[in-house]
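Here is how names work: the chains are called A, B, and so on, in the same order as the sequence lines, proteins then strands, and each is numbered from 1. Worth saying up front: this structure is predicted, and the values here are computed from it rather than measured.
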Amino acid sequence: MHELAIAESIIDALKEQVKGKITSIKLRIGEMSGVVPESLRFSFQIASEGTAAEGATLDIEHVPLTAMCNNCSETFHIQNYCFECKMCGGSNFNVISGRELMIEEVEVEDNNPPL
Amino acid sequence: MKVKLIKNILEANDRISEENRRIFNQNKIFVINMMSAPGAGKTTLLEKTIYALKDKIRIGVIEGDIATTRDAEKIEATGVPVIQITTDGACHLDANMIRSVMDDLPLSEIDLLIIENVGNLVCPAEFKIGEDAKVMLLSATEGDDKPLKYPLMFSESSLLLINKTDLIPYTDFDISKVKKDSLSLNPGLDIIEISAKTGKGMEQWYGWLKERLPI
């Protein structure tokens with residue numbers, strides 16, 4: 001449901017930093033962010049109308065939720081939010097990915113193509 | 001032409017949230033972002049808390065609601081300053097909404113500001129609003145599967161209040177499962193069992209608040 005607010009935030013962030021017509025946007029979205037990609041694409045279509053990002057494609061990279069065990073240093077993918085180390089059974093860990101909501105790269109139309 | 005950015009999408013919100021927090025800190029206010037599903041009992045909890053503490057602690061409230069002012073009216077009846085934010089359909093509060101109403105509160109006369117977020121277990125967890133602590137309210141009638149269904153909410157909170165515990169005998173709610181799953185998501189989480197209706201556990205909740213107030 002908050003995908004529309006996220007789509008608006010993407011457009012606001014790009015307004016500040018990017019000049020020119022945007023043709024594609026590469027995003028990194030973590031598994032634990034609760035963002036549904038289809039819903040974000042739909043919201044983005046609406047939010048981008050009349051902006052420099054109108055019609056831009058969203059290239060969404062899904063980042064799995066991973067953690068590193070503080071006990072045995074094993075890095076593992078957390079499935080079904082079961083926070084338990086698969087190697088040693090420890091429950092003391094650091095989440096290392098899966099919370100991302102990042103814009104990684106944008107592609108902008110070249111106004112002055114080489115002759 | 002490709003432009004590398006590596007930019008946090010919610011950076012603008014986070015920045016305003018930090019600014020809100022700085023203003024609250026200057027005024028020595030402890031700020032709670034209270035989150036739950038609709039119907040978990042946030043407004044009742046708030047009313048009881050205000051009546052129990054308002055003679056000892058100066059409390060202010062920001063009420064987030066999608067459309068109506070009903071909750072704000074109930075809080076207003078307690079006599080503490082309250083500001084209503086009607087989000088007009090938006091499913092969460094964001095930092096800018098708080099920024100735009102905070103000057104309408106007598107900040108220098110408040111010790112504890114409780115911000116009641118929109119009833120929703122997904123969206124509010126992602127948007128910081130300038131709070132010192134997120135408090136999540138889960139009621140026994142919602143079911144014991146919520147921590148694993150809405151993990152972000154549980155992993156972001158400092159305190160989980162389990163409400164309506166007086167109704168547990170009439171449900172299949174397994175409170176030990178909720179505690180185990182919540183602590184697995186967030187080992188530092190405090191958990192207090194309450195019933196805002198009967199008063200069970202409420203003293204412990206007030207104690208949790210008092211420990212964190214800067215006075």
Side-chain angles (χ1 to χ4, degrees), chain A residues 1-36 39-40 65 67 70 78-84 90-95 98-113, chain B residues 1-17 35 37-38 64 66 87-97 117-129 145-156 177-178 180-189:
Chain A
M1 253 168 102
H2 56 318
E3 282 82 357
L4 183 58
I6 292 186
E8 287 168 347
S9 303
I10 293 171
I11 289 161
D12 286 345
L14 294 179
K15 258 184 209 157
E16 286 173 16
Q17 293 207 339
V18 180
K19 299 251 181 295
K21 169 107 184 94
I22 296 165
T23 54
S24 80
I25 303 167
K26 196 171 172 191
L27 304 172
R28 284 168 62 80
I29 305 287
E31 186 176 352
M32 203 173 175
S33 68
V35 169
V36 180
S39 174
L40 182 58
L65 180 58
N70 286 334
I78 296 167
Q79 281 164 323
N80 303 318
Y81 300 107
C82 176
F83 285 85
E84 195 173 79
S91 56
N92 183 5
F93 47 77
N94 284 322
V95 171
R99 295 291 313 273
E100 293 81 355
L101 273 180
M102 303 288 294
I103 305 170
E104 193 164 81
E105 193 179 273
V106 295
E107 199 152 352
V108 184
E109 221 167 62
D110 215 336
N111 284 332
N112 303 305
Chain B
M1 179 179 58
K2 284 187 174 167
V3 184
K4 280 269 173 209
L5 277 179
I6 318 286
K7 194 176 167 73
N8 180 353
I9 293 172
L10 297 180
E11 191 181 277
N13 185 72
D14 290 353
R15 208 163 48 221
I16 301 168
S17 166
M35 310 180 296
I66 291 182
T87 61
D88 230 359
C91 49
H92 59 273
L93 296 175
D94 65 33
N96 201 37
M97 294 177 193
N117 216 313
V118 177
N120 180 334
L121 288 181
V122 182
C123 316
E126 201 76 76
F127 294 82
K128 295 187 188 110
I129 53 178
D145 56 352
K146 293 298 169 287
L148 298 187
K149 274 193 168 171
Y150 303 97
L152 188 59
M153 189 66 86
F154 288 82
S155 58
E156 285 284 303
K177 174 175 160 47
V178 167
K180 180 176 160 278
D181 290 345
S182 309
L183 287 171
S184 137
L185 287 163
N186 180 355
L189 181 72

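Neither the backbone nor the side chain of Asn92(A) comes within contact range of chain B, judged by heavy atoms closer than 4.5 Å. For chain B, the nearby parts of Ser33(A) are the backbone and the side chain; heavy atoms of each come within less than 4.5 Å. If you measure heavy-atom distances from Glu126(B) to chain A, the contacts under 4.5 Å come from the side chain alone.
When every heavy atom of Ser184(B) is checked against every heavy atom of Phe93(A), the shortest pair comes out as O-CZ, 3.6 Å. What you find for Leu10(B) and Ser9(A) is that their closest heavy atoms are CD2-OG, 3.8 Å. Across every non-hydrogen atom of Ile9(B) and Ile6(A), the tightest pair is CG2-O, 3.8 Å.
Looking only at heavy-atom pairs under 4.5 Å with chain A, the residue among Lys7(B), Met1(B), Lys2(B) that has the most is Lys7(B).
Residues Asn8(B) and Met102(A) meet the side-chain proximity criterion, which asks for heavy atoms closer than 4.5 Å.
Near-neighbour residues of residues 13-23 of chain A relative to chain B, defined by a heavy atom under 4.5 Å from a heavy atom of that chain, comprise Ala13(A), Leu14(A), Glu16(A), Gln17(A), Val18(A). Interface residues of residues 145-155 of chain B toward chain A, defined by a heavy-atom distance below 4.5 Å and sorted by number: Leu148(B), Pro151(B), Leu152(B), Ser155(B).
Distance check, rounded to the nearest 0.5 Å: CE of Met32(A) to CG of Leu185(B) gives 5.5 Å. In this structure, CG on Leu27(A) lies 10.5 Å from CG on Leu5(B), to the nearest 0.5 angstrom.
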